[in-house]
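Notes follow once the structure below has been shown.
Proteins get letters first, then strands, A, B, ... in listed order; numbering begins at 1 in each.
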Amino acid sequence: TQLLEQSPQFLSIQEGENLTVYCNSSSVFSSLQWYRQEPGEGPVLLVTVVTGGEVKKLKRLTFQFGDARKDSSLHITAAQPGDTGLYLCAGALGTGANNLFFGTGTRLTVIP
Amino acid sequence: DAGITQSPRHKVTETGTPVTLRCHQTENHRYMYWYRQDPGHGLRLIHYSYGVKDTDKGEVSDGYSVSRSKTEDFLLTLESATSSQTSVYFCATGTGGQPQHFGDGTRLSIL
């Protein structure tokens, strides 16, 4: 059983559309991270959120941490082919490497 | 570019053979990590290091050992490889307790 569930698992959309992907858990996290991973490469850290209700923006990407710190969402506005990749969330139950758990990811394809 | 080099990038070997994967960093980060990535499981921590000769186990450490004799190098060893260890292995580094930068991975196939 995964500690973090990501949905949807797969998403294919047209360029210019908006989308939201979700990261859910029944556990409370001290922080939550989002990564993007492209084929043949390692994950790249996009953002870390630490406060319940926190919203962070990175150009066309908006990240939100749930008020109860159990879930998070990533919204992409006007998706572009360069947004294609595997989006991973990772939640920290506390400090230390042993307390960081990854979801299985959402694989996004943006069609030109 | 976080200055992480993993070697080899691809390896095919047979069950029962020893295998060592190398991670080299140029950023002088204190923490280094080894993860494996498998379909349906996401990234799972194998071992990590918080300094030279200081290492600790992760979630899936059975069958693996690590060594860190220099700040820049972190080795992962499979003493006797099994087919269940077929995976993509990622090294990561960080300045705090969680990974910030990942290498590009080693694809390991054990036949």
Do [X] and [Y] belong to the same hydrophobic cluster, where Ile, Leu, Val, Met, Phe, Trp and Tyr are linked whenever their side-chain heavy atoms lie under 4.5 Å apart, directly or via other members?
| X | Y | answer |
| --- | --- | --- |
| Phe102(B) | Leu21(B) | no |
| Tyr89(B) | Ile110(B) | yes |
| Ile46(B) | Leu3(A) | no |
| Tyr48(B) | Val66(B) | no |
| Leu58(A) | Phe65(A) | yes |

Roughly how far, to the nearest 0.5 Å, is the [atom2] atom of [Y] from the [atom1] atom of [X]?
| X | Y | atom1 | atom2 | value |
| --- | --- | --- | --- | --- |
| Gln100(B) | Leu45(A) | CD | CG | 7.0 Å |
| Leu100(A) | Leu45(B) | CG | CG | 8.5 Å |
| Phe101(A) | Glu59(B) | CZ | CD | 5.5 Å |
| Asn98(A) | Lys57(B) | CG | NZ | 11.0 Å |

With a 4.5 angstrom heavy-atom cut-off, could you sort out which part of Tyr35(B) is near chain A: side chain, backbone, both or neither? side chain

Go through the atoms of Pro39(B) and report whether side chain, backbone, both or neither lie under 4.5 Å from a heavy atom of chain A. neither

Pick one of side chain, backbone, both or neither for Leu86(A), based on which atoms fall under 4.5 Å of a heavy atom in chain B. side chain

Going by the rule salt bridge (charged side-chain N to carboxylate O under 4.0 Å, His left out), which residues pair with Arg9(B) if we only count those two or more places apart in sequence or in a different chain? none

Could I get the full list of side chain to side chain contact (heavy atoms under 4.5 Å, CB included) partners for Ser67(B), not counting sequence neighbours? Leu75(B)

If you tally heavy-atom pairs under 4.5 Å between each of Leu43(B), Asp38(B), Val88(B) and chain A, the highest tally belongs to Leu43(B)

Side chain proximity check, Thr104(A) to Gln37(B), heavy atoms < 4.5 angstrom: no

Just checking Arg107(B): does its CZ atom have more than 12 heavy atoms from other residues, nucleotides or ligands closer to it than 6.0 angstrom? no

Is it the case that more than 12 heavy atoms not belonging to Gln80(A) sit under 6.0 Å from its CD atom? yes

Nearest non-hydrogen partners of Gln98(B) and Gly94(A), listed with the distance: NE2-O, 3.4 Å

Filter on disulfide bond (SG atoms under 2.5 Å apart), then keep only pairs touching residues 43-78 of chain A, sequence neighbours left out; what's left? none

Tabulate, in ascending numerical order, the residues of residues 10-43 of chain A having at least one heavy atom closer than 4.5 Å to a heavy atom of chain B, or enter 'none'. Ser31(A), Gln33(A), Tyr35(A), Gln37(A), Gly40(A), Glu41(A), Gly42(A), Pro43(A)

